[in-house]
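Beneath this line is the structure, given in structure tokens, with notes to follow.
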Amino acid sequence: MKLYLFNPDSDLALANNEANYIAPASARRMAQDMALLPIWYAAPDSAVLAPSAYNADFLRKMRDLFGLRVQLATEPELPDYAEASIVPWGWNPSIRKYLLKRGVNEDKLPSPRLLADYRSLSSRIQAVEMTRRVTGRYPGYTCGEHTLVNNIEDCERIVNAMHACLLKVPWSGSGKGLNWCLHGFTKPVSNWCERILREQGCLTAEPIYNKVEDFAMEFYADGRGRVVFAGYSVFHTGGSGMYAGNDLLSDEKILQKLSAYVPQEEFIRLRTRLEEELSALFGGFYHGYLGVDMMICHFPDEAPVYRIHPCVEINLRMNMGVVARLLTDRYLAADAEGAFRIDYYPLAGQALEEHRQMSASFPLSVENNRVCAGYLPLVPVTPQSRYRAFLLLTLPQ
């Protein structure tokens, strides 16, 4: 049996790299509110770790609607899953210690040495080398420049040379760890760089591109040396780069949308190249999903006008793009399309109020265990909820 758990702070825990790491309050809240999210991508006859009180009723309803073959596991029951295959959102030393202390057998968990390899290969530094290898192979329709920075002098030189650039820390949560340098090497930028260099040893710098689309290629590693393409995802971010949601479209429709900018054959060539590169880099030891975030960038004064940034970053873990891909393929009616969203609410009660309004305004329509239209909450919404994950679907006209 497989046991799934949602630990969205995994990247932050990797940055900290301590077994006694404690997640910030916002990450703990998200983990609690969205603990049941794995029911939508879990394998049949598996379990999801979550508190029982309100999650049990919600899971019963979803099983009835969609034929889910997933059961609930609570923390006191973890010793019953001592021999289960554990599938977290992402691996790190703190989640290993948490599971070990609660009765999961050590041979079912990655070793500290393997976790050190995960951490090294989860760094944004990997995007530097991957971008170089891919753009060198396909220079016509690709772009992308990352510079690895190891000291404050190089940081100042690079920021001033680029005039406007984006600095990134090696390990951080999705959409975090970014510093948009729009006014040169100011004192705040200098202080930030010094802190990151002191804490994490390096950072990366890249130009600020004229982005027109965020998308990703998702992959699956079998743990035996092979990484294969698992689908496309188109996602949206807020102004600071924080993840906001995904379009729910078939792979064919996503490829059709993206090929308005770059010919379809370029995407096919790129994904084949990435399968080769990722297999060489991760295939021998990693087992599970991973994603490569990309962009379509606009160059109005050059040819070709639109190009693919092939590796903004690599997510060596489960990610929302894979969730969106599996939701579309498993639970949407053939003609349905819409959005997968995660919203945050600063005050208790706001999420529940909006949930009720959307339930009334967009009634759910399900046929043959597939959503045809309407609003579907993916996790229970309570008076205390601050995070809400949901689908909002329409039938195309």
Side-chain angles (χ1 to χ4, degrees), residues 3-38 48-51 73-76 78-79 81-82 84-126 168-179 192-204 240-243 282 285-291 313-320 342 344 386-387:
L3 175 66
Y4 293 76
L5 61 102
F6 181 58
N7 57 318
D9 64 313
S10 185
D11 290 340
L12 297 174
L14 279 179
N16 178 271
N17 203 33
E18 296 288 342
N20 295 321
Y21 159 83
I22 298 175
S26 58
R28 296 197 303 272
R29 182 80 248 179
M30 186 180 196
Q32 180 175 330
D33 288 349
M34 295 175 50
L36 271 191
L37 187 67
V48 173
L49 182 66
T74 63
E75 188 173 276
L78 273 175
Y81 294 87
S85 296
I86 309 299
V87 188
W89 188 258
W91 282 112
N92 58 73
S94 68
I95 197 66
R96 182 185 189 275
K97 179 180 179 181
Y98 168 85
L99 293 165
L100 193 60
K101 286 184 65 177
R102 286 158 179 81
V104 175
N105 285 351
E106 188 167 12
D107 62 1
K108 295 297 181 179
L109 303 173
S111 68
R113 183 173 180 176
L114 184 56
L115 287 179
D117 289 339
Y118 281 176
R119 183 175 191 267
S120 175
L121 292 172
S122 294
S123 166
R124 285 186 170 120
I125 298 169
Q126 297 302 326
K168 298 180 178 180
V169 306
W171 294 276
S172 70
S174 179
K176 297 182 179 180
L178 310 180
N179 194 322
W192 184 87
C193 290
E194 287 182 342
R195 178 175 63 82
I196 298 304
L197 290 170
R198 183 173 61 252
E199 293 176 355
Q200 299 197 24
C202 62
L203 53 87
T204 63
S240 65
M242 183 69 71
Y243 173 82
F282 303 121
F285 75 96
Y286 179 71
H287 186 197
Y289 286 103
L290 64 146
E313 62 184 49
I314 303 171
N315 295 306
L316 193 65
R317 53 169 169 74
M318 189 61 176
N319 63 79
M320 295 302 177
I342 295 176
Y344 169 72
R386 301 299 178 90
Y387 289 90

Task: Results of side-chain hydrogen bond (donor to acceptor under 3.5 Å, both in side chains) for Tyr98 - residues two or more places apart only - done: Glu75
Do any side-chain atoms of residues 88-97 form donor-acceptor pairs under 3.5 angstrom with protein atoms, and if so which ones, sequence neighbours left out?
unit_1 : atom_1 : unit_2 : atom_2 : d
Trp89  : NE1    : Met318 : O      : 3.4
Asn92  : OD1    : Ser94  : N      : 3.0
Asn92  : OD1    : Ser94  : OG     : 2.6
Asn92  : OD1    : Ile95  : N      : 2.9
Asn92  : ND2    : Ser10  : OG     : 3.1
Arg96  : NE     : Pro110 : O      : 2.6
Arg96  : NH2    : Glu106 : OE2    : 2.8
Lys97  : NZ     : Asn20  : OD1    : 2.1

Open item on the list: Distance check, rounded to the nearest 0.5 Å: Asn17 atom CG versus Leu12 atom CG?
Closed with: 13.0 Å
Task: For Tyr4 against Pro38, the heavy-atom pair lying closest together - done: CB-CB, 3.7 Å
Task: With Asn319 via side-chain hydrogen bond (donor to acceptor under 3.5 Å, both in side chains) - residues at least two apart - done: Glu218
Task: Interatomic spacing from CG in Leu78 to CG in Leu5 - rounded to 0.5 Å - done: 8.5 Å
TODO: Find the distance between CD1 (Ile125) and CD1 (Ile314) and round it off to the nearest 0.5 Å.
DONE: 11.5 Å
Open item on the list: Nearest 0.5 angstrom please: Leu3 CG to Leu99 CG, how far?
Closed with: 7.5 Å
TODO: Please list, chain by chain and in numerical order, all residues satisfying salt bridge (charged side-chain N to carboxylate O under 4.0 Å, His left out) with Glu194, sequence neighbours excluded.
DONE: none
TODO: Could you tell me which residues satisfy side-chain hydrogen bond (donor to acceptor under 3.5 Å, both in side chains) with Tyr118, sequence neighbours excluded, listed by chain and number?
DONE: none
Task: Leu100 CG: over 12 foreign heavy atoms closer than 6.0 Å - done: yes
Open item on the list: Using every non-hydrogen atom in the two residues, find where Tyr387 and Met34 come nearest and quote the distance to one decimal.
Closed with: CB-SD, 4.0 Å
- [ ] Could you tell me the separation between the CG atom of Leu316 and the CG atom of Leu14, rounded to the nearest 0.5 Å?
- [x] 9.0 Å
Open item on the list: If we ignore hydrogens and angles and just use 3.5 Å, is the side chain of Arg119 paired with the main-chain N or O of Ala15 as donor and acceptor?
Closed with: yes
- [ ] Kindly give the heavy-atom pair with the smallest separation between Ile86 and Lys108, and that separation in Å.
- [x] CG1-O, 4.4 Å
TODO: Write down the atom of Pro8, the atom of Ala27, and the distance for their closest heavy-atom approach.
DONE: CG-O, 4.1 Å
- [ ] Give every residue pair that meets the side chain to side chain donor-acceptor pair (under 3.5 Å) criterion with at least one member in residues 22-32, sequence neighbours excluded.
- [x] Arg29-Asp33
Task: Nearest-0.5 Å distance that lies between atom CG in Leu203 and atom CG in Asn179 - done: 9.0 Å
Open item on the list: Which residues pass the side chain to side chain contact (heavy atoms under 4.5 Å, CB included) test with Thr74, not counting sequence neighbours?
Closed with: Ser52, Pro76, Glu77
- [ ] Mind checking side chain to side chain contact (heavy atoms under 4.5 Å, CB included) for Asn16 and listing every partner two or more places apart, or none if nothing turns up?
- [x] Glu18, Tyr21
Open item on the list: If the condition is side-chain hydrogen bond (donor to acceptor under 3.5 Å, both in side chains), which residues does Asp117 pass it with, not counting sequence neighbours?
Closed with: none
Task: Those residues that, when tested against Val169, pass side chain to side chain contact (heavy atoms under 4.5 Å, CB included) (two or more places apart) - done: Arg124, Ser172, Trp192, Ile196, Gln200
